[in-house]
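Here is the naming used below: chain letters follow the sequence lines, and residue numbers restart at 1 for every chain.
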4 protein chains.
Amino acid sequence: MDVAAPRHLNPRKRPRQARSTVTVEAVFEATIQVLLIEGVHRLTTTRVAERAGVSVGTMYQYFPHKQALLYALNERYLDRLADRVEDVCLRHHGVSTAIMVEALVTAYWEAKTERSDVTRVLYSSAVELDNEALIEAFARRMDRATTAMLATAPDADYADLDLINATLLSVIFGTVRNVFERNMPLTLQVEIRKQLVAMCLSYLKAAGG
Amino acid sequence: MDVAAPRHLNPRKRPRQARSTVTVEAVFEATIQVLLIEGVHRLTTTRVAERAGVSVGTMYQYFPHKQALLYALNERYLDRLADRVEDVCLRHHGVSTAIMVEALVTAYWEAKTERSDVTRVLYSSAVELDNEALIEAFARRMDRATTAMLATAPDADYADLDLINATLLSVIFGTVRNVFERNMPLTLQVEIRKQLVAMCLSYLKAAGG
Amino acid sequence: MDVAAPRHLNPRKRPRQARSTVTVEAVFEATIQVLLIEGVHRLTTTRVAERAGVSVGTMYQYFPHKQALLYALNERYLDRLADRVEDVCLRHHGVSTAIMVEALVTAYWEAKTERSDVTRVLYSSAVELDNEALIEAFARRMDRATTAMLATAPDADYADLDLINATLLSVIFGTVRNVFERNMPLTLQVEIRKQLVAMCLSYLKAAGG
Amino acid sequence: MDVAAPRHLNPRKRPRQARSTVTVEAVFEATIQVLLIEGVHRLTTTRVAERAGVSVGTMYQYFPHKQALLYALNERYLDRLADRVEDVCLRHHGVSTAIMVEALVTAYWEAKTERSDVTRVLYSSAVELDNEALIEAFARRMDRATTAMLATAPDADYADLDLINATLLSVIFGTVRNVFERNMPLTLQVEIRKQLVAMCLSYLKAAGG
DNA sequence: AATGAATGAGTTTTCATTCAT
DNA sequence: TATGAATGAAAACTCATTCAT
């Protein structure tokens, strides 16, 4: 994540010692728990601190205000998600387009749905958070990772790889969100996922695959 | 919209006289304005009432609580959106698949982006709103309208129209949301939209077009 | 009830025609119902009017404000109660002290307990109501009625009838309220009532009976 | 007071440190003052906090809502009252019935009338408060204390002490309330109190004294 | 005369943030 | 450094009363 966070959202200090890291982690976990159990509108600093087993005062040592906490939480989440997808992409350089797409969709889909409740509350926590920079940074990492991977496909040669890649990511990310936001039955989800892969492949083939 | 709303979100009274309708409309408009100008976390009943030029008391005669107001607002929005898309679908029965898809994507895309700020704030207003029923009802209307349209395509014959249709809608709706949430440059938006149409078409062709 | 009500609590007009009386009666009934079903803190003019089947506006024709309504309600209640007890007293002139006391306790006890829930909510409706005049007027009627009755007892001759009478009424009225406010088991209530009669009689005998 | 309070009326935290105790005490005092000066219907949390010299927020740390405050206030009052009466009873074990009754009536009467305005407003504060448990607990303590005392009377032997005791308490408590609620002239109050003692004694004598 | 929509001051309650200990 | 009591502005919501129709 190489994009500077909006200045006012910087955590007051970056945790360095072991104990701090543990505390920060506990606070993150507590935040998610409170969001899950009580909902955004009951997400209060006191409740988070209590659940994290620290005092509000201490929490304010690490996060100068509530927004900073939510910002950091989203940052952590997107960082981890990007890590996972990047990792998958790297491991699929040079394979066939079909396998690439399957791998990409699977990686993203599973990351989002294996804890779909957490995904959902994180979305809700981001409302009214100035997290464009975060999204942007995430998008850039994804762009790079998938572009790099697609470029190594032995069975394809795209005229405008950047556009094709941007389209692909928008479609995949958008569809996944749409599917789990609508709370579709699991069997339908699985089928749509297969169809999504098929759609991407027919698109890529037509585009130079 | 034939799915029952959660009981507690029902407006207190349905506006019948001209005056009431005007009031309710003013409140809706004011809500959107406040959301646009101040953001969700400054969306207070007082502010909405003030901007709508009515007293809080009056507002509470029509909406028993804030949630009910937001629910009704989203309902109105989705109803209108569904109206538009249904209308387009009806007017494209019997044309070629290519034209259908183009029309569908265009209709939805434009409805969402011609006031993308409004779309955005409406999404944010729906956070922590029990609006599954609304989404569900909207989805059902869309499903019916597009299925009916696709079934009349002279140049296609799908084995599993329902699944294909569900996929198509998830992809289109999801992609549109993703694109405008990421605040992409307009030129890229336009290109991706074209690519989206192309993708849908290659998918449909492969599926029986 | 010959004591003037505090000026600001006068009903705006005394109902004269048949229809008015019906309306006023309906409002009284509605008030009691709302008190019973919703409690004092949910006793609103709108709710009463609605339950009475009239509009708030109409209600305000008869009672210039909420207090006036409650005042009138309590007045009506105390008037009726006084009527009943007076009636019993009159019918027991000249009988033995034992029968008088039994009759008095029975009349009051039953009037209070036959609808103990109503009694209770009326007490609660009177809180913060300037109803001293009402109480006073009621007390005076009772005083007169029982003094007059006791004076005709063939088996007694009291040195200070007024004091004895005042004591008797305070004890009877107070005990009844205490018993039903404490929500005692019915069997205990019945026994205490018997004991109360016994106590009054032993007192009167000692005092000149 | 060994009867559990309704759960939702429990104070949020029990004051432990000196400062807390002072705050809670100040809030109690302020509540009484506001009740005295402004009346129940002007008893607002803000006014109480202001008068107590604390912020509303602080008040809400000790009492989760208005009802809890009123409940605690009544509890404190009844506890103290019970303490006083119990104390008097203990100190009169073994004396003559006449002295017992005199002591009991005096203790209760004085506790209630020495600050009759406070007594009155506390009654009014309890309207619509689910304080049955409180009353019950108080009644039980009184029952025990007076039964124990009466049992030690050298000049009496009661067949059914429990019933006699219950009657006695109902009569005494009820009469006291009736007398001071009617705002009788002081001289009459004094006389009635004497009569009440006389009445109780003649009753007890007849019952086995 | 009857209606009931509109008013807005007033109420309870919450919660981010500070700061004395 | 950690704590958590205290703060008070701000929020949602109510309801007695008025007055145009």
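When each of Thr46(D) and Val54(C) is assigned the nucleotide of DNA chain E bearing its nearest heavy atom, the one mapping closer to the 5' terminus is Val54(C). In terms of position on DNA chain F, the residue among Met59(D) and Gly53(A) whose nearest nucleotide sits closer to the 5' end is Gly53(A). When the nearest nucleotides of DNA chain E are assigned to Gly57(B) and Gly57(D) by heavy-atom distance, the more 5′-ward of the two goes with Gly57(B).
Listed nucleotides: dT7(E), dG8(F), dA16(F). Nearest to the side chain of Ser55(B): dT7(E). Side-chain atoms of Val56(A) lie closest to dA5(F) of the nucleotides dG4(E), dT3(F), dA5(F). Distance from the side chain of Arg47(C) is smallest to dC15(F) among dA6(F), dC15(F), dT3(F). Listed nucleotides dC13(F), dT7(F), dA16(E) differ in distance to Lys66(A); the shortest reach to its side chain belongs to dA16(E). The nucleotide whose nearest atom lies closest to any side-chain atom of Tyr60(B) is, among dC15(E), dT17(E), dT14(F), dT14(F).
Going from atom CD of Gln61(C) over to atom P of dT17(F) covers 15 Å, rounded to whole Å. In this entry the distance linking CD of Glu50(C) with C1' of dA5(E) reads 14 Å, nearest Å. Per the geometry, CZ belonging to Phe63(A) stands 16 Å off P belonging to dT18(E), to the nearest Å. To the nearest angstrom, P of dT17(E) lies 11 Å from CG of Leu70(A). The distance between atom CD of Gln67(D) and atom C1' of dT13(E), rounded to the nearest whole Å, is 14 Å. Rounded to an integer number of Å, the gap from Glu128(C) CD to dA16(F) P is 14 Å. Rounding to whole angstrom units, NE2 of residue His65(D) and P of dC15(E) are separated by 16 Å.
Annotation: salt bridge (Lys or Arg N to Asp or Glu O under 4.0 Å) contacts of Glu132(B) (sequence neighbours excluded): none. Under the salt bridge (Lys or Arg N to Asp or Glu O under 4.0 Å) criterion, Arg76(B) pairs with Glu25(B), Glu29(B), not counting sequence neighbours. Partners of Glu38(A) under the salt bridge (Lys or Arg N to Asp or Glu O under 4.0 Å) rule, at least two apart in sequence or in another chain, are Arg42(A). Legend: residues meeting side chain to side chain contact (heavy atoms under 4.5 Å, CB included) with Thr46(C), ordered by chain and number and at least two apart, are Thr44(C).
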**Item:** Canonical and wobble pairing (Watson-Crick, G-U, under 3.5 Å) of DNA chain F, dot-bracket with |
**Value:** .||||||||||||||||||||
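At least one side-chain heavy atom of Thr119(B) sits under 4.5 Å from a side-chain heavy atom of Tyr123(B). Considering only heavy atoms from C-beta on, Val48(B) stays 4.5 Å or farther from Lys66(B) through its side chain. Put simply, the side chain of Asp117(A) does not reach to within 4.5 Å of the side chain of Val121(A), judged on heavy atoms. Leu36(A) is listed as a side-chain neighbour of Arg115(A), based on a closest heavy-atom distance under 4.5 Å.
Sorted by residue number, the members of residues 35-45 of chain D with any non-hydrogen atom under 4.0 Å from DNA chain E read Leu43(D), Thr44(D), Thr45(D).
Side chain of Gln33(D) to main chain of Arg51(D): no donor-acceptor pair is present (N/O by atom type, distance under 3.5 Å, no hydrogens or angles).
Ring-centre distance between Phe63(D) and Phe28(D): below the 6.0 Å cut-off.
Listed pair Tyr62(B) / dA5(E) fails the phosphate criterion, with no side-chain N or O lying under 4.0 Å from OP1 or OP2. Within the 4.0 Å cut-off from OP1 or OP2 of dT7(E), at least one side-chain nitrogen or oxygen of Thr58(B) is found.
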